[in-house]
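What follows is a short report on a single structure.
What you see is a predicted model, and the numbers here were worked out from it, not measured in a lab. Letters A, B, ... are given to chains in the order of the sequence lines, protein chains preceding strands, and every chain is numbered from 1.
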4 protein chains.
Amino acid sequence: MPADPDPIRAQLIEARRNQILDAATTVFAEKGFHRTTTKEIASTAGVSEGTIYNYFDSKEGLLVGILTRLAELDTLDEELMGALQGDPRDFLVTMLRRRLGLIDRVHDMVLAVLPEVLVTPKLRERFYRQFVLRTATSLEHYVQACIETGHIRPVNAPLTARAVQGAFVGLLLFRLFGDEVVLAGWGDYPEVLATVMFDGLRPRADEAGGESR
Amino acid sequence: MPADPDPIRAQLIEARRNQILDAATTVFAEKGFHRTTTKEIASTAGVSEGTIYNYFDSKEGLLVGILTRLAELDTLDEELMGALQGDPRDFLVTMLRRRLGLIDRVHDMVLAVLPEVLVTPKLRERFYRQFVLRTATSLEHYVQACIETGHIRPVNAPLTARAVQGAFVGLLLFRLFGDEVVLAGWGDYPEVLATVMFDGLRPRADEAGGESR
Amino acid sequence: MPADPDPIRAQLIEARRNQILDAATTVFAEKGFHRTTTKEIASTAGVSEGTIYNYFDSKEGLLVGILTRLAELDTLDEELMGALQGDPRDFLVTMLRRRLGLIDRVHDMVLAVLPEVLVTPKLRERFYRQFVLRTATSLEHYVQACIETGHIRPVNAPLTARAVQGAFVGLLLFRLFGDEVVLAGWGDYPEVLATVMFDGLRPRADEAGGESR
Amino acid sequence: MPADPDPIRAQLIEARRNQILDAATTVFAEKGFHRTTTKEIASTAGVSEGTIYNYFDSKEGLLVGILTRLAELDTLDEELMGALQGDPRDFLVTMLRRRLGLIDRVHDMVLAVLPEVLVTPKLRERFYRQFVLRTATSLEHYVQACIETGHIRPVNAPLTARAVQGAFVGLLLFRLFGDEVVLAGWGDYPEVLATVMFDGLRPRADEAGGESR
DNA sequence: AATGAATGAGTCTTCATTCAT
DNA sequence: CATGAATGAAGACTCATTCAT
């Protein structure tokens, strides 16, 4: 008799949960939380309605499940800390690339979750702390550190951090809306944003009437 | 038959419509579109449920009504064109101030409308064209013009415009989430953002301690 | 403009409530609370399902409504007090006749309510206080008074009261079960019970080998 | 095929059945048949849901099982017949004591079964014949016999039997409702009821203070 | 125009029962 | 025999919409 059949059981449970969450994410993203019926989620996941409730407390529990998954994707903190030594412009570009690369996996999850999050105090608070604030704080510390090492000019760190993060989030919204320009320029965006942020829009003395880089 | 009892009648009708839209905006913003019942809207507006249907086709018609109102607030184009002569940094600060000042009126409307918009193709398309794309295009033209007049360095205009707009929208989201830093720094934000955008984060040669790249 | 159209409105509401409660009573009595669907109640009442919920909070609210109606039928107290002067045997017969006459109206209500009451602490408590205990206490006082006036032998008043009441309730159960003997002897029951209770089953000295009264 | 592993097997089966019926009785009595889930019964019994269905056809089969158990407790007939010789008052007291002593085992079973029985024609019929009518008929014969031997006055035997039985059942209901008086007077009840029944409530000529009618 | 009672389609959720392991 | 995950039918309840007054 094996000492623990539990691991196998646990893996099956996890797989089933993921199967259901995948389906929920897809359908929520497509039609919105409220216009999606549990029956639809079930048939998309290839299980019965009842099975959903063997793995989640309620329809809203699926939202929380997706939220939790999103949180697990987030490992910004480590990156930030690990990258502290490098040049901030390179760091920004790298971070943006990574985030933008993640977007395919994240896109639907955010779309599935955000509309409800905006409007449900409990979820809003959770989402804010888990994503918005967590990232903002990390960035803030990073900017502060860069200022102290002289890599960045002495700007208002908290607000600047939010400006950078806001620009990124705004971009995500453009993508959610299917903006052609953003979709086409997706790969260039890190460089463009880094340029704007670090070099500024103001013409340099050495760029009189100049051409673009 | 009198020639025109219309004007008065029309004004009454408009007033009643606004009364209902105000109520809908408030309650949608607070609880979300789907969690709000027509009964709630009616009682908040101080009318009966039936009356709502004398002024709007359906519950969704209220969303469209709010969307239309939002559009009426938007007069960016004129500003942009009128301001073309000035210094772009001043323009950015002015525009941000104006927008941020508008925010109190806009906040609830956006919150009422956005979650549904994100998830309803018809509304999404409408919202995208009416707000996102319209503003983006104006900004794009403006940036392009500035580049041509030498007020701005030769950057990728469409992407840059979206970066600026995205930073603004992201800020709005921070506010929707009740972020303390953004709320406290609300008044400073135009200057901070303008500084980042125009002067860049990179230390200038003439700044003490700073070393250029 | 009439000062109060309210009374009419109130009467309509009351009528509709009764219409629904009548239907619920009938169907609950026939199939039991849980086997009865709201759809069935609605169609029996000749209204739509939704209408039920305009008048009652929930399916369980219907039970409470029936319970309340039962309570309104109950005017034992006054009878008891008014009858205190008379002979207790006559009183018992009169009371039983009245109660048994009421039974047609009460039968279904009890059948509708009792099974749930027995098994739902909240309802049980309410039912016990409102019917069982209230009647028991009245009877108890009555028996006590009769003892003091010498109309009844000095027995244990509380227990005796419960014996009388229990005999009546037991009879009701027989009827609920459709017992032929009880149904056939329904009209005779008051006399029989009064005889047993007052004269006792033990043969009297003066009734040697005698015939019934 | 072995000739008899049966006895042992049969005992195990019986034990498991009882284990399940005990659990069902407890939970049905506490929350009612319909509010009890098979999962609850299973966990109370310490088995899995599936196991229940190895021993019973359906959830309703559990009710029938409890009903059958109740029937097995009932051995009134023999008592009645065996006791025919004695004094009827002594018999009543003895029988009541025995029944009241049984009550602890019976209480939950009745509570588990009665609400459904009242409302389910099939069960109602079965219960009526097996308990109500069977006991009533025995009592009726007994009373009739007592009348013929002169131990009891010539009353209406069937109705009187039901009066006695009804008083007992009513008492049981008081207990189900948790009536304090009945609970406290439980031990005295046989004597009290016997006194009422046999001696009557009417004051005797030989009782001080009492004046006869 | 205003009202609000009536409607009934639609949905989440529960739970008895089955069956592969 | 025991298990417990999967099933899906069924039902209470909600709420946008209508319409007679």
Side-chain angles (χ1 to χ4, degrees), chain A residues 5 8-9 12-13 16 20 33-43 45-62, chain B residues 9 12-13 16 20 33-43 45-62, chain C residues 5 8-9 12-13 16 20 33-43 45-62, chain D residues 9 12-13 16 20 33-43 45-62:
Chain A
I8 297 165
R9 170 70 41 98
L12 284 178
I13 288 179
R16 192 50 61 89
I20 293 170
F33 179 76
H34 290 282
R35 295 194 207 280
T36 299
T37 64
T38 51
K39 189 181 295 256
E40 248 171 316
I41 301 169
S43 82
V47 299
S48 73
E49 268 187 281
T51 297
I52 294 177
Y53 288 87
N54 287 336
Y55 293 87
F56 297 91
D57 279 349
S58 64
K59 195 183 170 191
E60 198 164 321
L62 293 168
Chain B
R9 167 79 37 111
L12 284 178
I13 288 179
R16 190 52 61 91
I20 293 170
F33 178 75
H34 290 281
R35 294 191 208 282
T36 298
T37 64
T38 50
K39 187 181 294 252
E40 247 170 319
I41 301 170
S43 86
V47 300
S48 75
E49 273 186 277
T51 298
I52 292 177
Y53 286 85
N54 287 334
Y55 293 87
F56 297 90
D57 277 349
S58 65
K59 194 184 171 189
E60 198 165 321
L62 292 168
Chain C
I8 296 165
R9 171 71 41 101
L12 284 178
I13 288 179
R16 193 48 60 89
I20 293 169
F33 179 76
H34 290 281
R35 295 193 208 279
T36 298
T37 65
T38 51
K39 190 181 294 255
E40 250 172 314
I41 300 170
S43 83
V47 300
S48 74
E49 266 186 284
T51 298
I52 293 177
Y53 289 88
N54 287 337
Y55 293 87
F56 297 90
D57 279 347
S58 64
K59 195 182 169 192
E60 199 165 319
L62 292 168
Chain D
R9 168 79 37 112
L12 284 179
I13 288 179
R16 190 53 61 90
I20 293 170
F33 179 75
H34 289 281
R35 295 192 208 281
T36 298
T37 65
T38 50
K39 186 181 293 252
E40 246 172 318
I41 300 170
S43 85
V47 301
S48 73
E49 272 187 278
T51 298
I52 293 177
Y53 287 85
N54 288 333
Y55 294 87
F56 297 91
D57 279 349
S58 65
K59 194 184 171 191
E60 198 163 322
L62 292 168

Discussion item. What is the separation between atom CD on E60(B) and atom P on dT17(F), rounded to the nearest whole Å?
Written reply: 9 Å
Discussion item. Can you tell me which nucleotide in dA16(F), dA16(E), dA2(F) comes closest to the side chain of Y55(D)?
Written reply: dA2(F)
Worksheet entry | Any side-chain heavy-atom pair of F33(C) and L62(C) under 4.5 Å | no
Worksheet entry | From NZ (K39(C)) to CD (E49(C)), nearest 0.5 Å | 5.0 Å
Worksheet item: Expressed in angstrom and rounded to an integer, what is the separation of K59(D) atom NZ from dT14(E) atom P?
Response: 15 Å
Fill in: Distance in Å, F56(A) CZ paired with T38(A) OG1, rounded so as to fall on 0.5 Å steps
13.5 Å
Item to complete: Please figure out whether N54(A) or I52(C) has its closest DNA chain E nucleotide nearer the 5' end.
Response: I52(C)
Worksheet item: For the pair made of CG in D57(D) and C1' in dA16(E), what is the distance, rounded to whole Å?
Response: 13 Å
Discussion item. For V47(D) and R35(C), find the nucleotide of DNA chain F closest to each by heavy atoms; which residue's nucleotide sits nearer the 5' end?
Written reply: V47(D)
Item to complete: May I ask you to say what R16(D) touches in the nucleic acid, namely base, sugar-phosphate or nothing, with a heavy-atom cut-off under 4.0 Å?
Response: sugar-phosphate
Discussion item. Using a 4.0 Å heavy-atom cut-off, does T36(A) contact any base of the nucleic acid, only the sugar-phosphate backbone, or nothing at all?
Written reply: sugar-phosphate
Item to complete: Take atom CZ of F33(D) and atom P of dA16(E), then tell me their distance rounded to the nearest Å.
Response: 8 Å
Item to complete: Take atom CG of L62(D) and atom C1' of dA16(E), then tell me their distance rounded to the nearest Å.
Response: 11 Å
Worksheet item: Between atom NE2 in H34(B) and atom C1' in dT11(E), what is the gap in whole Å?
Response: 13 Å
Practice prompt. Output the single nucleotide from dT17(E), dT14(E), dT3(F) whose closest atom is nearest the side chain of Y53(A).
Written response: dT14(E)
Worksheet item: Which of the following nucleotides, dA2(F), dA12(F), dA16(F), is nearest to the side chain of T37(C)?
Response: dA12(F)
Worksheet item: Which nucleotide sits closest to the side chain of S48(B): dG4(F), dG4(E), dC12(E)?
Response: dG4(E)
Item to complete: Considering just the side-chain nitrogens and oxygens of T38(C), establish if one lies under 4.0 Å of OP1 or OP2 belonging to dA12(F).
Response: yes
Item to complete: Identify the two heavy atoms, one from S48(D) and one from A42(D), that lie closest to each other, and give their separation to 0.1 Å.
Response: C-CB, 3.7 Å
Worksheet item: Rounded to whole angstrom units, what separation is found between the CZ atom of F56(C) and the P atom of dA5(E)?
Response: 15 Å
Worksheet item: OP1, OP2 of dT7(F) versus side-chain N and O of T51(A): anything below 4.0 Å?
Response: yes
Worksheet item: Rounding to a whole Å, what distance do you find between E40(A):CD and dC12(E):P?
Response: 9 Å
Discussion item. Looking at R9(A), I'd like to know whether one of its side-chain N or O atoms comes within less than 4.0 Å of OP1 or OP2 on dG4(F).
Written reply: no
Worksheet item: Below 3.5 Å, does any donor atom in the side chain of E49(C) face an acceptor in the base of dC13(F), or the other way round?
Response: yes
Response to the item:
Those stems involving DNA chain F that have three or more consecutive Watson-Crick or G-U pairs, both distances under 3.5 Å, are E:2-21 with F:2-21
Practice prompt. Could you check whether L12(D) gets within reach of a base, just the sugar-phosphate, or nothing at all, counting any heavy atom under 4.0 Å?
Written response: nothing
Worksheet entry | Closest contact, heavy atoms only, K59(C) versus T36(C) | NZ-O, 2.8 Å
Item to complete: Check step by step if side-chain contact (heavy atoms from CB on, under 4.5 Å) holds for R16(A) and T51(A).
Response: CA-CA 9 Å; R16(A) 192 50 61 89; T51(A) 297; 4.3 Å; yes
Response to the item:
Result for 5'-nearest mapping on DNA chain E, choosing between S58(D) and K39(A), is K39(A)
Worksheet item: Shortest non-hydrogen contact from I20(A) to I41(A)?
Response: O-CG2, 4.3 Å
